[in-house]
Chemist: 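Have a look at this one.
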Amino acid sequence: METQFDESFKARLAAEGDAAIKALRERAFAAFTDKGFPSLKDEDWKYTNVSPIAKETWKTATAGIELEHEDAGIRAHELLERFKYDRNGLTALNLAMAEIAVIKIAKDTVVDEPIELNFAAAEGTAIFPHVVVIAESGSKATIVESYSSEARSFTNAAVQMLVEDNASLKHYRVQKDSPEAFNYGVTEVTLGKGSFDSTNINLGGAISRHDIELKFTAEGGEAWVDGLYMLDGEQHSDTHSTIDHAVPNCISHQTYKGVLNGRSRGVFNGKVFVRENASGTDAQQQNKNLLLSNDARVDTKPQLEIFNDDVKCSHGATVGQLEDEEMFYLLTRGLPETLARNLLTYGFAEEVINKIEIEAIKSDLDATVLNRLHAEI
Amino acid sequence: MLLEVKDLHAGIEGKEILKGLNLQVRKGEVHAIMGPNGSGKSTLSKVLAGHPNYEVMSGEVLYDGKDLLEMEPDQRARDGVFMAFQYPVEVPGVSNSQFLRLAYNEKMKHLGEEELDPLEFNDYLKEKAKIVEMDPQFFKRSVNEGFSGGEKKRNEILQMAVIEPKLAILDETDSGLDIDALRIVAEGVNKLRSEENAIILVTHYQRLLNYIQPDFVHVLAGGKIVKEGGKELALELEEKGYDWVKGATN
C-alpha cells in the first residue's frame, strides 16, 4: 500500500549509513505500511481519534537534533532494537523515519546542567525525533524534553531511556505546542537499581498523546512518573502509562492531574503490572481531574494487575469540581469568587508543577497556568 | 452598634436550628457564646460568615447598619467580618504567603488603599507572625496542608492579624488545642483585641475564657440565648454544667 511517507522514507533510508539501523528502519516502515495510523477500533485508541492527522499531507522536516548516532555504541543499538515500534503505526513510523540522537552519561558522572532537547515543527511539517538516553551506573543527570511547535504541524517523537544501577535520572517533558498542532510521543524507560523521576506536562496541541512505559529490571529501583494536563477549547490530550514491576522490591509513585476547561477532553489510562515474582512491590497511582466547564470531559482508567500477594499497591481516580468548602474558605478571606476559583485551580495544578526543580521551567509554567486562568496571583 | 442580630431563625437542610436569636455587639467588646453540642453555636458562626449551605428563615442581621444577610461571603469579609474556622481548610498548592497577600490586598483594594507587592508583604507578614509565634517557614508551605491542629488554629489567628477585621468570630478556636497552643492562640487574640474591633468567641468550654476575658457571656441552648451575664457566668456554667441552663429553655 502506498503511504504519504513513501518518498521521504526512501530519502531517509538512502541517507542511512548504519546497516543494522537501516534494516531496522525497513522493518519499521513495513509495519507502518501494514498498520497505518491507529483507529478508534483499536482498544488502546478508542478515545483518541487521530484521523485528522492521517488526513493531512505532511512534509517531512528535520527535528534539528545536533547529536549524531554513529558513535551510538553497542548499547544504543541494543536499545533501538528493543524499541517496541510495532506497538502501533505511529511508533513504527517514528522508528522508520527517526532522527536518532544518543545521549550517554558516563559512569559515575554528575551532569549539573540540565540536558535540553527542544523540538518545534514548522507549519505543515512532520518531525520524527528519536532520542536514546543511557545513564550509566552511578551517573546523575536531568533531561529536559520540550515541545513548542507554533503552528499546525505533526510531531512524532520517541525517547528511550536506560537507567543503570545507582544512576539517578530526572526527566521533564513539557509539551507546549500550539493548540493547532498534533503531538504524539512515546517514552520507554528501563530502570535498574537506580532512580527515575519524571514530570510530564501537557498544555498544548489540538490532539496530543503521550505513551510512557517504565520497566523495572533490578531490585531496589524507585520511580516517580507524574504529570499534568491542562486543556481548554477543543483540545484533546491522552496519556497512557504502563509501569511494569517485573522484579521484586521496587517502588513506583504516580500522580497525574488534569484541569479541563471549555470543550476539552482528557484521557488517562494507567496500567500497573506486578508480576508473579515481584514481591515487596510498592506501587501507588492516582489520577485527579478538575472539570472547570460542563462541556469538558475526562475518561480515566487506572488499572492494577497484581500477580503477587506480598505487595503494597493503591490506585484511584477522581473527577470533580472545586471543593465547596475550599471555595467558602477563600471567600471568607475576602477573595472574590473568580479569584478564589482561579487560586484553587492554580493550587491544584501547582501540586505537580511545584515538583519541578528547574526554576526557569517552573516559573514559565506558573506563568502559563496563570495566563490560562486569565489571572494574576 | 457593630452587630445586631434580631430574632434570627436559621438552619440547614430545612431544619431550623436557631430559633429566635438576639445579640448586640459593640466595638471594643468581647462576647463569648457558650453552649452545649447541638445548641446552634456553629450555625450562628456559619450564618454570620455566609456559608451557602445554611439558610435564614427569618429575622435580621445588621452589621455596621447594613443588612449583612444580603451580602456575599467575600463582601462581608472585605467589609471586616472574619470567621476563624473550627476546622480550617487545607488548600494544596497555594502557599500561605500567597494566600495571605491576596486576602490582604483585596481588603486594601476595597478600602482604596495601597496594595503590597510580595517583598513588602513579606515584611508585614513577618511582623504579624510574631503575634502567634509562627515560624516564617510556614509562609512557604501550602495553606494548612500538613499542619498540626494547633498550627492550623494559629494560622487562623495569623490571618486575623493580617486582615485586621472589625468583627472576628472565633468558632471553637480552642478545640483540639493542647495547653501551650491554647495559650499562644489566646495571647494572640488578646494582642489583636482593641477599641476598634469586636470579637465573638464561640466555645463549648470555659477554659478559653481563662485566657481571653469576655465582657459578656451568652449561653445558647435550643437555638436561643437562654442566659446572659458577665464573665462570672462562664465560671458558674463550668461549675453547674449545661444541664443547669437546659432547664431554662423549657
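So you know, we letter chains A, B, ... as the sequences are listed, proteins then strands, and number each from 1.
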Chemist: State the OG-CD1 distance between B:Ser45 and B:Ile169, to the nearest 0.5 angstrom.
Modeler: 6.5 Å
Chemist: Would you please name every residue forming a side-chain contact (heavy atoms from CB on, under 4.5 Å) with A:Ile361, sequence neighbours left out?
Modeler: A:Val144, A:Val174, A:Ile356, A:Ile358, A:Leu365
Chemist: Pairs of donor and acceptor atoms involving the side chains of residues 196-204 of chain B, under 3.5 Å and at least two apart or interchain, shall be tabulated with distances.
Modeler:
| unit_1 | atom_1 | unit_2 | atom_2 | d |
| --- | --- | --- | --- | --- |
| B:Asn197 | OD1 | B:Ser194 | N | 3.0 |
| B:Asn197 | ND2 | B:Leu192 | O | 2.8 |
| B:Thr203 | OG1 | B:Asp174 | OD1 | 3.4 |
| B:Thr203 | OG1 | B:Asp174 | OD2 | 2.9 |
| B:Thr203 | OG1 | B:Tyr205 | N | 3.1 |
| B:Thr203 | OG1 | B:Tyr205 | O | 3.0 |
| B:His204 | ND1 | B:Gly35 | O | 3.4 |
| B:His204 | ND1 | B:Asn37 | OD1 | 3.3 |

Chemist: Which atom names give the shortest non-hydrogen contact between B:Pro88 and B:Asn144, and what distance separates them?
Modeler: CB-ND2, 3.5 Å
Chemist: Against chain A, work out which of B:Met83, B:Gln75, B:Glu72 has the most heavy-atom pairs shorter than 4.5 Å and name it.
Modeler: B:Met83
Chemist: Heavy-atom pairs under 4.5 Å with chain B: which of A:Glu350, A:Glu325, A:Arg333 has the most?
Modeler: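 Heavy-atom pairs under 4.5 Å are most numerous for A:Arg333.
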Chemist: Between A:Lys176 and A:Asp364, does any NZ, NE, NH1 or NH2 come within less than 4.0 Å of an OD or OE carboxylate oxygen?
Modeler: yes
Chemist: Tabulate, in ascending numerical order, the residues of residues 110-141 of chain B having at least one heavy atom closer than 4.5 Å to a heavy atom of chain A, or enter 'none'.
Modeler: none
Chemist: Below 6.0 angstrom between ring centroids: does that apply to B:Phe85 and A:Phe328?
Modeler: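 Centroid separation for B:Phe85 and A:Phe328: below 6.0 Å.
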Chemist: Select one option (side chain, backbone, both, neither) describing which atoms of B:Val162 are under 4.5 Å from chain A's heavy atoms.
Modeler: neither
Chemist: Looking at residues at least two apart in the chain, or sitting in another chain, which of them share a ring pair (Phe, Tyr, Trp, His ring centres under 6.0 Å) with A:Phe348?
Modeler: none
Chemist: Is it the side chain or the backbone of B:Glu90 that comes within 4.5 Å of chain A heavy atoms, both, or neither?
Modeler: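 Backbone only.
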Chemist: Relative to chain A, which of B:Val81, B:Asp79, B:Val89 shows the most heavy atom pairs under 4.5 Å?
Modeler: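 If we count pairs closer than 4.5 Å to chain A, B:Val89 comes out on top.
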Chemist: Let me know if A:Glu337 has heavy atoms under 4.5 Å from chain B in its side chain, its backbone, both or neither.
Modeler: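 Contact with chain B involves the backbone of A:Glu337 alone.
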Chemist: In terms of heavy-atom pairs under 4.5 Å, which option from A:Leu330, A:Leu331, A:Asp324 contacts chain B the most?
Modeler: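 Among the listed options, the one with the most contacts to chain B is A:Leu331.
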Chemist: Let me confirm one number: the CG-OG distance from B:Asp171 to B:Ser42, rounded to the nearest 0.5 Å.
Modeler: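 Separation between the atoms: 4.0 Å.
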Chemist: Between B:His31 and B:His218, is the ring centroid distance below 6.0 Å?
Modeler: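 Yes: the rings meet the under 6.0 Å criterion.
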